[in-house]
Asks: 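Structure below; questions to follow.
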Amino acid sequence: QVQLVESGGGLVPPGGSLRLSCQLSGNSGSAFRTYSIGWFRQGPGSEREFVAAIKGSSSSTYYADSVKGRFTMSRDNARGTAYRQMDSLKTEDTAIYFCAADRHLVTSSLGLPSQYDNWGQGTQVTVSS
């Protein structure tokens, strides 16, 4: 049973930074590198939207246009953890952020919530002065 635990959310003023973590447990350390990790967010009254992803096999990263140049994904396979550094935050970034994980996803599937079987509980990010 794979579990994802997120941390790092909070309140930050516009222009500020946060780093979110997503730790995967219930697998062997060698298997984590085979998981692609996706980040999605859901604002009030909005559907869940793709934010960023890091592929398992190659660690290639992919970003939504709205966050490109401001958010950076990375992973530490030894710790079984993926990170997302968020800089130059805007009020419209306010949402609940979810990480998701799955294995053997093709690039075209990374942005589709339906392709992920494992989800974290979500962490609130609020950007406000």
Side-chain angles (χ1 to χ4, degrees):
Q1 182 74 19
V2 172
Q3 292 183 320
L4 295 172
V5 178
E6 299 150 4
S7 59
L11 172 65
V12 62
S17 298
L18 280 175
R19 189 175 81 153
L20 302 187
S21 300
C22 175
Q23 185 171 32
L24 188 149
S25 62
N27 67 310
S28 68
S30 61
F32 176 75
R33 63 174 57 87
T34 67
Y35 283 84
S36 292
I37 308 295
W39 285 95
F40 298 82
R41 66 185 180 188
Q42 189 164 14
S46 302
E47 293 186 354
R48 195 166 295 188
E49 65 171 350
F50 170 73
V51 176
I54 184 165
K55 207 167 180 185
S57 56
S58 64
S59 291
S60 298
T61 53
Y62 305 86
Y63 301 94
D65 288 342
S66 58
V67 306
K68 201 171 291 183
R70 300 188 296 120
F71 291 9
T72 305
M73 283 201 71
S74 60
R75 63 192 300 153
D76 184 336
N77 289 331
R79 294 179 182 273
T81 303
Y83 304 96
R84 191 176 78 250
Q85 178 69 34
M86 305 187 295
D87 298 318
S88 303
L89 283 162
K90 305 176 181 180
T91 55
E92 52 263 42
D93 293 319
T94 295
I96 300 174
Y97 284 76
F98 299 87
C99 70
D102 217 306
R103 301 176 67 182
H104 310 308
L105 292 181
V106 298
T107 302
S108 59
S109 297
L110 291 173
L112 302 175
S114 61
Q115 297 299 304
Y116 293 83
D117 286 337
N118 307 290
W119 287 84
Q121 78 283 5
T123 185
Q124 177 71 46
V125 171
T126 302
V127 184
S128 175
S129 56

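Everything numeric in this text was worked out from a predicted model, so none of it was measured.
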Asks: Check whether any side-chain heavy atom of Met73 sits under 4.5 Å from a side-chain heavy atom of Tyr62, and report yes or no.
Replies: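 SC-SC contact between Met73 and Tyr62 ruled out.
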Asks: Answer yes or no: is there a side-chain heavy-atom contact under 4.5 Å between Ser128 and Thr94?
Replies: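 A side-chain contact is absent here, since even the closest heavy-atom pair is not under 4.5 Å.
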Asks: Taking all non-hydrogen atoms of both residues into account, name the closest pair between Ala95 and Gln124 and its distance.
Replies: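 Looking at all heavy atoms of both residues, the closest pair is O-NE2, 3.4 Å.
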Asks: Under 4.0 Å between a Lys/Arg side-chain N and an Asp/Glu carboxylate O for Lys68 and Asp65?
Replies: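 Here Lys68 pairs with Asp65 in a salt bridge, since their nearest N and O are under 4.0 Å apart.
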Asks: Between Glu6 and Cys22, is there a donor-acceptor pair closer than 3.5 Å when you use the side chain of the first and the backbone of the second?
Replies: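 Checking the backbone N and O of Cys22 against the side chain of Glu6, no donor-acceptor pair under 3.5 Å is found.
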Asks: Do Pro113 and Phe98 have side chains that get closer than 4.5 Å, going by heavy atoms?
Replies: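 Contact flag for Pro113/Phe98 side chains = no.
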Asks: Ignoring hydrogens and geometry, is there a side-chain-to-backbone donor-acceptor pair from Asp102 to Asp117 under 3.5 Å?
Replies: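 At least one qualifying donor-acceptor pair exists.
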Asks: With a 3.5 Å distance limit and no angle check, can you tell me whether Thr61 reaches the backbone of Ile54 through a side-chain donor-acceptor pair?
Replies: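 Checking the backbone N and O of Ile54 against the side chain of Thr61, no donor-acceptor pair under 3.5 Å is found.
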Asks: Side chains of Arg41 and Val125: closer than 4.5 Å at any heavy-atom pair?
Replies: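 No, side chains not in contact.
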Asks: Is the count of non-hydrogen atoms from other residues, nucleotides or ligands lying under 6.0 Å from Glu47 atom CD greater than 12?
Replies: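 Check fails, neighbour count at 12 or below.
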Asks: With a distance cut-off below 6.0 Å to the six-membered ring centre and an angular limit of 45° from the axis, does Arg48 pair with Phe40 as a cation-pi contact?
Replies: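 No, a cation-pi geometry is absent between Arg48 and Phe40.
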Asks: Do Phe50 and Leu112 come close enough that some side-chain heavy atom pair is under 4.5 Å?
Replies: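 They are not in contact (no side-chain heavy atoms under 4.5 Å apart), so the answer is no.
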Asks: Please tell me if the side chains of Met86 and Leu20 come closer than 4.5 Å, counting only heavy atoms from C-beta onward.
Replies: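 Met86 reaches Leu20 side chain to side chain.
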Asks: At what distance, to the nearest 0.5 angstrom, does OG of Ser60 lie from NZ of Lys55?
Replies: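 Rounded to the nearest 0.5 Å, the OG-NZ separation comes to 7.0 Å.
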Asks: Centre of Phe32's six-membered ring, under 6.0 Å away, within 45 degrees of the axis: is that where NZ or CZ of Arg75 sits?
Replies: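 Yes, a cation-pi geometry holds between Arg75 and Phe32.
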Asks: Would the number of heavy atoms belonging to other residues, nucleotides or ligands and lying under 6.0 Å from CD of Gln3 be above 12?
Replies: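 It does not: Gln3 CD has 12 such atoms or fewer within range.
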Asks: Could you pull out the closest heavy-atom pair between Pro14 and Ser129, with the gap in Å?
Replies: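 What the structure gives for the nearest pair is CD-N, 3.7 Å.
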Asks: Shortest non-hydrogen contact from Leu18 to Gly8?
Replies: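 Where Leu18 meets Gly8 most closely, the heavy atoms are CD2-O, 3.8 Å.
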Asks: Report the C-alpha distance between Thr72 and Tyr63 in whole Å, list the side-chain angles of each, state the deciding distance to 0.1 Å, and finish with yes or no for side-chain contact (heavy atoms from CB on, under 4.5 Å).
Replies: CA-CA 8 Å; Thr72 305; Tyr63 301 94; 4.0 Å; yes
Asks: Taking all non-hydrogen atoms of both residues into account, name the closest pair between Gln121 and Leu4 and its distance.
Replies: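 Looks like OE1-O, 3.6 Å.
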Asks: So which heavy atom on Ala53 is nearest to which on Leu110, and how close?
Replies: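 Closest pair (atom of Ala53, atom of Leu110, distance): CB-CB, 4.0 Å.
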Asks: In Å and rounded to the nearest 0.5 Å, what is the CZ to SG distance from Arg84 to Cys99?
Replies: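 Spacing of CZ (Arg84) from SG (Cys99) equals 9.0 Å.
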Asks: Can you tell if the side chain of Tyr116 reaches within under 4.5 Å of the side chain of Ile37, non-hydrogen atoms only?
Replies: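 Answer no - side chains too far apart.
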Asks: Quick one: do the Ser88 and Arg70 side chains pair a donor with an acceptor below 3.5 Å?
Replies: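 Short answer, no.
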Asks: If you measure from OG on Ser66 to NZ on Lys90, what distance do you get to the nearest 0.5 Å?
Replies: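 Answer for the OG-NZ pair, Ser66 versus Lys90, is 8.0 Å.
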Asks: Of all the heavy-atom pairs spanning Arg33 and Asn77, show the shortest one and how long it is.
Replies: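 Closest approach of Arg33 to Asn77: CB-ND2, 3.5 Å.
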Asks: Once you round to the nearest 0.5 Å, how far does CG of Asp93 lie from CZ of Phe71?
Replies: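 These two atoms lie 4.0 Å from each other.
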